[in-house]
Structure formats: C-alpha cells, structure tokens
Amino acid sequence: MPELPEVETIVRDLNPHLSGQVIAEVRHLNPAVLRHPSADLFVPAITGQRASSIRRRGKFIQIALGSGELLVVHLGMTGTLTMEPSGATLRPHTHLRLGLDSGIELRYRDPRRFGRVLLGELSTLEALGVMPRLGAEPLSPGFVDGTPDQVLKLAHRPVKAVLLDQAVIAGCGNIYADEALWAARVHYDQPTSTLSRPRAKTLLAEVRLVLGKALAEGGTSFDAQYVNVNGASGYFSHSLNVYGQQGNACPRCGRPIVREQFMNRSSHFCEHCQAFRSA
DNA sequence: CCCCTATCCTGAGGGC
DNA sequence: TGCCCTCAGGATAGGG
C-alpha cells in the first residue's frame, strides 16, 4: 500500500523516464478514475504536452506539464504506475495509458480503484477541493522541530488519528504510523494531550526515521500490491516490527504483538512497551 | 463544528 | 479440491 516511501520511490524512478518526454497519445482512459476534469476535456488538455518535473507531495504524484497544469495521481490502496513498452501485455484494471514519444508507455493500474487522477493548475485543484491541502513533509529538514506545535494543538484527538491526518503530516499511513508509535513507545489511542513536548518530538522523529528507512529499502510490498515503475517489490516488509506481526514476539520485550481495530483499520502494538501513559 | 462511521472496490487467503 | 466468506484501508461524504 503506497505511503510516502513507496510514492517517493516511484517518483524517483519515474523522473529519468518521463522528464522531457512528450505525451503523444492517451490510449486508454477509464473515466471512473478521473476526478477532474471530465474525460472529454482531459484528453485534449494532456495530448501533446511535455512532462517536466515529477514531484511528490504527501502521497500525491504531481507531474508538471508544459501547459502549466499538473497531472496528479494518487495511488490509493492498490494503484501502480509502470513504464512499459507500448506492446506489452495489458493487465486487467489498467485505467490509463500515456504513450510517450520514446515509444514507452506510462501505465496506471488500480484493481481496487481507491486511487484517482486529476489534471489542472494546482490552485484550481485546491480550490475545487479535489486536491486537499496537506501538512508537513516528514522528510523535510524542519519537520521534527517545526511540527510538535501543530500536533499538540490537537490535544483531545487520539495520537494515531493525528499521525494519519494528511492535513497535519503528509504521507504517513497505517503501516508507518504503527511502526513509529512502537518505536516511540506510545499507545495509539492516547489523547495527544498526554504527550509532553519532548515525547511528541520523539514521536515525530520516529515518523521521519521509519519513513526514511523504508525509502532506503524501496518501500513495503505485500503480495506485490505495491511495485515500483519497473514492477519490482520493495524490501521493507522484512523490517516491520509490529505491522502484520500480531502473535509474534515484540522485538524489544518478547511479549506478543497485539492487533486491535481503531478508526476502521487495524492497529498493531505491544501492550507492554506501549502502555497508555503520560509524560 | 467536530468527530465518528459507513462506503467505495477487488483479490487474496483461510476454513470447511 | 473448490467454494464462499472475510478482510485489507485512503479519503471523503454524511450523520449524530
């Protein structure tokens, strides 16, 4: 499931293949994945455009076009972007194919269709609400020192809810939230007000650290649901301490990792190391 | 106004 | 062996 490290890996891999290329043809478009604009406006607006920079903001991929508009892709749960020869076998659930003048094709697949595609100027997309306003970038230099104030302001909310709030921290998802909470020894359901400022800072440092480590490993893949632009899996699943580890020993104290439901998703944690507490 | 819940969607995997 | 049931969750709309 693509979170910051997976999306960043894709963006880095995409850059040399896509930057400077002209989008010669839109070959395949499932209008269901296009959030803005409509398909009849999308195709002429993108055809013939040259892609320049490819950037990541949170979990969003932003491909800048010569027109000044952005082609924005969010991969949702199961979305993939791959570079393939245009004649390569077409896999099911391919929703968009962009034929480049190099003869290579950028393909967007998403079996579960939680992802989405946008096209437009950033200010327009934000004004329409299809591109949400995002919070701090965990890998940016000022993140650990600059973010505690915004986090501690949300005193009454469970701490994991704050970690997952994209308007506060951009790019952290369920896997890395659980990993960071374990590393910082914080219970997911503690009100944020129970964190001291140093402890909040430690937690944010762990968010940054785990995202950086996962990026270095090429991200986390389960059942090849996430793959990079060449179709390869990441290796960070071997480094997970709690996510998906229910019943296994906590790497720190040896007690079993527990899984509980929280916010309609699963939370994995160690009841001993991550006891509900203040300070 | 804020927070919580349901909803979207399909493939994988477990159990009988 | 094969079928069916459950589960995974990012973001958002809507309800309480």
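Every chain is numbered from 1 and lettered A, B, ... according to where its sequence line falls, protein lines coming before strand lines.
- Taking 4.0 angstrom as the limit, A/N264 places none of its side-chain polar atoms (N or O) nearer than this to OP1 or OP2 of C/dG9.
- Distance, A/M77 CE to B/dG11 C1': 11 Å, rounded to whole Å.
- What separates NE2 of A/H268 from C1' of C/dA8 is a distance of 10 Å, to the nearest Å.
- For the residue pair A/S67 and A/Q49, the shortest heavy atom distance occurs at N-OE1, 2.8 Å.
- For A/H74, no side-chain nitrogen or oxygen approaches OP1 or OP2 of C/dG10 to under 4.0 Å.
- At whole-Å resolution of the value, CZ in A/R109 and C1' in B/dT10 are 11 Å apart.
- The shortest distance between the side-chain N/O atoms of A/H93 and the OP1/OP2 oxygens of B/dG11 is below 4.0 Å.
- C/dA11 has no base stacking with the ring of A/F114 when judged by centroids under 5.5 angstrom apart and an interplanar angle below 30°.
- For A/D178 and A/H268, the side-chain atoms include at least one donor-acceptor pair closer than 3.5 Å.
- The separation between A/I169 atom CD1 and C/dA11 atom P is 13 Å, rounded to whole Å.
- Atom CG in A/N174 sits roughly 10 Å away from atom P in C/dA8 (whole-Å rounding).
- Across the protein-nucleic acid pair, A/D110 atom CG and C/dG9 atom P stand 16 Å apart, rounded to whole Å.
- In this structure, CZ of A/F262 is placed 11 Å from C1' of B/dC4, rounded to the nearest angstrom.
- Between A/Y188 and A/F262, the ring planes are tilted. Angles from 30° to 60° get that label.
- A donor-acceptor contact closer than 3.5 angstrom links the side chains of A/K160 and A/S267.
- Residue A/Q166 places none of its side-chain N or O atoms closer than 4.0 Å to OP1 or OP2 of C/dG10.
- Regarding contacts with the backbone of C/dA8, every side-chain N or O of A/T78 stays at 4.0 angstrom or more from both OP1 and OP2.
- Phosphate proximity of C/dA8 to A/R259: present, with a side-chain N or O under 4.0 Å from OP1 or OP2.
- Relative to the side chain of A/P111, the nucleotides C/dA8, B/dG11, C/dG10 differ in distance, and B/dG11 lies closest.
- For A/M263 and C/dT12, the CE to C1' distance is 12 Å, given to the nearest whole Å.
- In this structure, A/L215 and A/R12 have side chains that are in contact, with non-hydrogen atoms separated by less than 4.5 Å.
- OP1 or OP2 of C/dG10 lies within a sub-4.0 Å distance of a side-chain N or O belonging to A/R265.
- Between A/Y176 and C/dG10, a side-chain N or O to OP1/OP2 separation shorter than 4.0 Å is absent.
- In this structure, the nucleotide among B/dT10, C/dA11, C/dG9 sitting nearest to the side chain of A/R116 is C/dA11.
- For C/dG9, neither phosphate oxygen OP1 nor OP2 lies less than 4.0 angstrom from any side-chain nitrogen or oxygen of A/R112.
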